[in-house]
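Notes to accompany the following structure.
Proteins come first, then strands; the chains are lettered A, B, ... in the order of their sequence lines, and each starts at number 1. No experiment lies behind these values; they were computed from the predicted model shown.
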Amino acid sequence: MSGEKTTEKHRQYPYHEIEAKWQRFWDENETYRTPNPAEAGFDASRPKFYVLDMFPYPSGDGLHVGHPEGYTATDIISRYRRKKGSNVLHPMGWDAFGLPAEQYAIKTGQHPRITTGRNVERFREQLKRLGFCYDWSREINTTDPEYFKWTQWIFLQIYNSYLDEETQKARPVAELEARGMSREEIDARRLAYVAEVQVNWCPGLGTVLANEEVLDGKSEVGGFPVERRPLRQWMLRITAYAERLIEELEGLDWPAGIKRHQREWIGRSEGADVRFPVAASTKHITVFTTRPDTLYGATYMVLAPEHPLVDEITTPEQRAAVEAYRAEVAMKSDLDRTALAKEKTGVPTGGMAINPVNGEHIPVWIADYVLISYGTGAIMAVPAHDERDFEFARQFGLPVRKVVEPPEGVTDECFLGDGVAIHSPIFDGQPTPEAKRKITAWLEGRGLGRKTIHYKLRDWLFARQRYWGEPFPIIWEDGRHYAVPEAELPVVPPELEDYQPTGTPEPPLAKAKEWVRYGEHAMRETNTMPQWAGSCWYYLRFIDAKNHTRLVGAEAERYWMGANPNPGGVDLYVGGTEHAVLHLLYARFWHKVLYDLGYVSTPEPFQKLVNQGLILGEDGQKMSKSRGNVINPDQVIEEYGADSLRLFEMFMGPLEQVKPWSTKGVEGVYRFLGRVWRLVHDENGDFSPKVRDAGPPAKLLRVLHETIRKVETDIDAMSFNTAIAQMMVCVNELTASEVRPVSVLAQFLHVLNPFAPHLTEELYQILTARFPVLPPGPLSGLAWPKFDPGYLIEDTMEIVVQVNGKVRDRLVVPVDIDAETLKAAVLASERVKELVNGKEIKKVVVVPKRLVNVVL
RNA sequence: GCCCGGGUGGCGAAACCGGCAGACGCAAAGGACUUAAAAUCCUUUUCCCGGCAACGGGAGUGCGGGUUCAAGUCCCGCCCCGGGCACCA
């Protein structure tokens with residue numbers, strides 16, 4: 001950014017001075033501080049509006065142009081709502097735990113707290129330079145002990161709760177204790193529990209990862225290989241909430257795609273568990289199937305290789321083959337086990353199972369296409385009506401038996417749809433849904449099975465072997481876990497000299513021997529929470545960020561989250577699609593637990609969700625350092641000002657859409673702001689003589705009020721690009737006008753203010769200095785102008801005349817013309833008479849206020 | 001393979017509930033101002049044909065059909081691009 005470039009470029013207006021001046025003003029006056037109920041300055045008569053941005057991870061690279069996109073949208077809405085008379089809560093904070101800071105610490109030995117602090121400073125500075133109206137008095141940081149104290153506290157609430165089956169609500173485990181339940185029984189029901197599970201161990205990062213953090217067998221962060229191994233881990237019982245997490249999406253105003261995505265992720269599946277006795281044994285294999293009606297078509301069974309019954313079932317002849325196969329599967333990454341591996345593999349165990357409906361003996365195989373983690377880890381294979389089973393049967397020459405007659409005309413070898421049951425004595429001739437019901441009842445009656453629901457959703461692996469995260473408020477003694485007393489929160493991580501992973505699944509915190517030692521025989525838990533933890537509840541902390549006695553004050557929570565009939569508390573939540581599943585699902589889960597326990601007043605956290613679209617580089621490619629197409633917001637602000645950057649990001653296209661950057665486009669909106677400046681200034685930069693306290697002509701009033709109306713509806717619809725287009729129309733009109741009445745200019749500045757707050761404040765101040773009739777600023781504190789439809793009324797309108805659907809003429813007629821008169825006028829017009837030319841008129845369609853179509 | 005999102009001028013895009021396709025901006029061209037340039041202001045700009053012109057005619061919203069007085073918009077069948085999921089029984 002050589003000084004040359006910027007000084008040589010013609011300045012449209014002195015944005016540097018203006019922006020710095022107003023940012024200082026806002027800071028010094030705490031213009032955007034929002035009082036809570038019961039605080040000084042709180043006005044209970046106004047409606048509340050909580051607008052939230054997904055808070056950023058303050059990376060070392062600073063802000064990129066993607067951040068200001070959503071942030072500007074919410075800023076406009078916040079400013080607009082305030083001017084329209086709402087109490088607006090619009091906070092910002094930092095999701096600052098996480099790997100990059102820790103990786104940096106490993107490299108440099110510098111404490112992550114230092115780098116995080118530095119990054120936060122930079123981010124805050126950058127956001128302020130964009131002129132966002134955040135209430136900075138509510139700023140939070142997930143790494144601040146005052147904050148994560150409550151993250152740990154919430155964990156303890158989860159730890160100390162179980163799900164009451166009957167009410168489907170979380171209840172304190174103390175109730176189970178009171179009922180005389182044993183410690184083991186209670187531990188087995190806690191919503192936070194320890195289990196030995198197959199985990200994704202990533203040696204490269206020295207940590208275990210959630211399924212969601214593993215992509216194609218590699219870590220999402222860093223792309224290191226990930227292997228499976230069993231480990232004792234903290235888990236959160238999110239599956240207990242599966243049903244509610246699906247059901248309660250209903251009342252939310254979220255994009256349909258995101259709702260669908262969450263539903264699919266949870267993956268509810270209704271069917272039946274069926275017990276197959278193992279031949280020559282007292283054991284049973286329980287399978288889950290969504291097609292119990294195909295029970296007669298089961299020609300073999302498959303267990304997941306990890307299934308506990310495998311050892312027992314395997315015959316001596318098959319043992320070697322089974323062991324070899326299991327070893328082979330254990331080596332495979334998830335990638336190798338998925339559909340990308342074309343050929344199905346498996347081996348027979350030699351064991352046989354008995355089909356409960358007909359007593360038939362069928363062979364039991366193991367194959368890795370059956371997953372231990374879903375359903376019961378075992379299936380009955382019906383190759384005639386399941387593609388995977390069909391493929392497997394083909395591969396190994398297993399029999400295929402058709403038991404569903406497809407509808408007429410369908411000749412698929414493997415038919416998956418609904419039809420009519422055949423070769424199924426108990427319910428032959430029944431349509432599929434009937435057959436399902438009938439066989440399920442039959443099985444239930446004999447104790448051979450029952451109707452069940454399974455979910456794809458797994459419990460949430462909540463532990464990480466990292467340094468830079470929230471320590472668990474847990475103590476181990478004699479192999480048992482206990483909650484750290486609430487009074488001892490927060491549990492602050494120890495200082496370390498060496499952040500290097502241990503190379504084993506033992507977390508780095510274990511190196512701090514003194515810290516780990518809690519008592520004579522007691523040790524601290526050394527795992528830390530995943531990065532998701534802090535973001536699961538941050539929207540609550542914003543409401544009452546300084547509360548020392550509660551995670552959020554009850555009254556403030558009720559006011560900002562409640563106060564409307566919707567299930568969700570935050571009125572508008574804007575962020576990227578990358579959080580469609582994980583963050584939004586986890587936050588909903590925590591929120592529901594807190595709701596059940598009575599700490600929050602709504603069942604859902606976020607009422608309305610909007611995803612902003614990705615901004616691509618100027619070349620239409622994803623921005624990346626390697627492509628060299630990254631746009632730096634600091635530089636854009638330097639060259640065009642923050643108002644231009646804000647305006648351009650909103651003018652590029654619809655918020656939700658993916659769209660490419662354009663430097664020429666920034667120049668375009670920059671010129672527009674220059675034109676706004678010149679509405680008030682002449683070419684020498686002096687106050688323009690065209691600005692006068694004059695009665696505005698009807699033409700200007702019309703365009704002004706059209707603009708007020710359009711900008712209102714467009715902001716409500718978050719259609720910022722079209723709002724800006726209309727403001728451009730308005731400015732073009734004002735520019736062309738020889739007289740620019742100050743009343744019109746002032747109202748226009750109100751309308752532009754949420755989009756370009758700095759420039760409009762400055763111009764308004766200039767106007768008020770000359771015209772004391774105007775109410776004194778700042779503009780942001782004054783009410784939005786009132787739209788008056790009266791100014792839009794015209795007495796004539798233009799009607800399009802079509803002949804056979806083609807535009808052939810236009811007619812100017814009085815607006816109050818009736819259909820008959822209009823029709824007559826059209827038929828009488830020269831052009832129509834000419835085109836009709838004696839032909840028969842079949843029909844005349846009159847669309848009031850729009851057009852008349854003469855059909856020949 | 002499946003599920004989303006999207007295909008409209010040279011480019012970003014707009015178009016209420018089916019009613020003038022291309023608002024607004026960019027780029028381009030011409031003009032005014034200027035010694036000159038930049039900046040600014042004004043004008044033109046979907047494509048093709050005819051005309052000196054005002055204008056007139058035709059085509060046109062990824063492709064092919066359909067419904068309708070009228071389709072970018074609704075229905076059926078495809079093609080292409082972007083994103084996500086991926087043996088969940």
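Contact between the side-chain N/O atoms of A:Arg678 and the OP1/OP2 oxygens of B:C41 is found at a separation under 4.0 Å. For A:Tyr374, a side-chain nitrogen or oxygen approaches OP1 or OP2 of B:A89 to under 4.0 Å. Close to B:C69, at under 4.0 Å from its OP1 or OP2, lies a side-chain N or O of A:Lys843.
Annotation: A:Tyr640 is not in aromatic contact with A:Tyr15 [ring centroid separation under 6.0 Å not met].
Looking at A:Asp682 and A:Ser688, their side chains never bring a donor and an acceptor atom within 3.5 Å of each other. Neither side chain, A:Tyr670 nor A:Asp643, offers a donor N or O lying under 3.5 Å from an acceptor on the other.
The CZ-P distance, from A:Arg291 to B:A89, rounds to 12 Å in whole Å. When rounded to the nearest whole Å, the span between CG of A:Leu616 and P of B:G6 equals 16 Å. Rounded to whole angstrom, the span from the CD atom of A:Glu391 across to the C1' atom of B:G1 amounts to 12 Å. Atom CZ of A:Arg11 and atom C1' of B:U40 are 17 Å apart (whole Å). We find that CD1 of A:Ile799 is positioned 20 Å from P of B:A70, with the value rounded to whole Å. The CD atom of A:Gln262 sits 17 Å away from the P atom of B:C4 (whole-angstrom rounding). Rounded to whole angstrom, the span from the CG atom of A:Asp619 across to the P atom of B:G82 amounts to 14 Å. Rounded to an integer number of Å, the gap from CD1 of A:Ile266 to P of B:C85 is 16 Å.
Between B:A21 and B:A59, the distance separating the two C1' atoms is 13 Å to the nearest Å. B:G64 sits 35 Å from B:C26 when the P atoms are compared, rounded to a whole Å. Comparing B:U8 with B:A86, their C1' atoms are spaced 34 Å from each other, to the whole Å. Taking atom C1' on both nucleotides, B:G25 is separated from B:G18 by 28 Å, rounded to a whole Å. Using atom C1' as the reference point in both B:A89 and B:G7, the two lie 38 Å apart (nearest Å). Rounded to whole Å, the separation between the P atoms of B:C69 and B:C17 comes to 23 Å. Comparing the P positions of B:C63 and B:G9 gives an interatomic distance of 10 Å, to the nearest angstrom. For the C1' atom pair drawn from B:A27 and B:G83, the interatomic distance equals 30 Å after rounding to whole Å.
Remark: the backbone N or O of A:Leu252 is paired with a side-chain donor or acceptor of A:Lys259 at under 3.5 angstrom.
Cation-pi geometry between A:Lys344 and A:Phe392 is not met: the NZ or CZ atom fails to fall both under 6.0 Å from the ring centre and inside 45° of the normal.
B:G9: glycosidic angle within 90° of 0, hence syn. Here B:C17 is in the syn range [glycosidic angle within 90° of 0].
At a threshold of 4.5 Å between non-hydrogen side-chain atoms, the residues A:Ser644 and A:Leu673 count as touching. A 4.5 Å side-chain heavy-atom check between A:Val400 and A:Thr299 finds every atom pair outside the cut-off. At least one side-chain heavy atom of A:Leu295 sits under 4.5 Å from a side-chain heavy atom of A:Leu443. The shortest distance between side-chain heavy atoms of A:Ile439 and A:Val357 falls below 4.5 Å. Counting only heavy atoms from C-beta outward, the side chains of A:Val610 and A:Leu655 approach each other to under 4.5 Å. Two residues are said to be in side-chain contact when any heavy atoms from C-beta on lie closer than 4.5 Å; A:Gln612 and A:Val574 meet this criterion. By the 4.5 Å heavy-atom criterion applied to side chains, A:His307 and A:Ile366 are not counted as neighbours. Residues A:His454 and A:Tyr374 form a side-chain contact, since some pair of their non-hydrogen atoms from C-beta on lies under 4.5 Å apart.
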Dot-bracket, 5' to 3', for RNA chain B please: Watson-Crick or G-U pairs under 3.5 Å, [ ] where pairs cross earlier ones, | where the partner sits on another strand, dots elsewhere.
(((((((..(((......[....))).(((((.......))))).(((((....)))))..(((((..]....))))))))))))....
Filtered N/O pairs between nucleotides 32-35 of chain B and protein, under 3.5 Å:
none

Give every pair of a protein N or O atom and an N or O atom of nucleotides 54-58 of chain B that lie under 3.5 Å apart, one pair per line with the distance.
from: B:G57; atom 1: OP1; to: A:Arg831; atom 2: NH2; distance (Å): 2.6
from: B:G58; atom 1: OP2; to: A:Arg808; atom 2: NH2; distance (Å): 2.8

Please list, pair by pair, any protein nitrogen or oxygen found under 3.5 Å from a nitrogen or oxygen in nucleotides 22-30 of chain B.
from: B:G25; atom 1: OP1; to: A:Asn732; atom 2: ND2; distance (Å): 3.2
from: B:C26; atom 1: OP1; to: A:Arg671; atom 2: NE; distance (Å): 3.1
from: B:C26; atom 1: OP1; to: A:Arg671; atom 2: NH2; distance (Å): 2.9
from: B:A27; atom 1: OP2; to: A:Arg671; atom 2: NH2; distance (Å): 3.2

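Residues of residues 849-856 of chain A that place a heavy atom closer than 4.0 Å to RNA chain B, in numerical order, are A:Arg850, A:Leu851, A:Asn853, A:Val855.
Summary of the strand contacts: A:Met652 and A:Lys710 both lie near RNA chain B, and taking for each the nucleotide with the nearest heavy atom, the more 5' one is attributed to A:Met652. Residues A:Val658 and A:Gly267 each lie close to RNA chain B; by heavy-atom proximity, the contact nearer the 5' end of the strand is made by A:Val658.
Counting any heavy atom pair closer than 4.0 Å across all strands shown, A:Gln657 reaches sugar-phosphate atoms only and no base atom. Counting non-hydrogen atoms under 4.0 angstrom, A:His261 reaches the backbone sugars and phosphates but no base.
At a threshold of 4.0 Å, the pair A:Lys833-A:Glu830 counts as salt-bridged, since one of the basic side-chain nitrogens sits closer than that to a carboxylate oxygen. Between A:Lys451 and A:Glu270, at least one side-chain nitrogen of the basic residue sits less than 4.0 Å from a carboxylate oxygen of the acidic one, meeting the salt-bridge criterion. Using a 4.0 Å cut-off between charged nitrogen and carboxylate oxygen, A:Arg394 and A:Glu413 count as a salt-bridge pair. Under a 4.0 Å N-O distance rule, the pair A:Arg831/A:Glu834 qualifies as a salt bridge.
Under 3.5 Å, the side chain of A:Lys344 and the base of B:C87 form at least one donor-acceptor pair of N or O atoms. Looking at A:Arg260, its side chain has no donor and acceptor atom pair within 3.5 Å of the base of B:C3.
Here the shortest heavy-atom pairing between A:Val65 and A:Ile615 reads O-CD1, 3.6 Å.
For residues 645-662 of chain A, the side-chain hydrogen bond (donor to acceptor under 3.5 Å, both in side chains) pairs, not counting sequence neighbours, are A:Glu69-A:Lys659, A:Asp75-A:Arg646.
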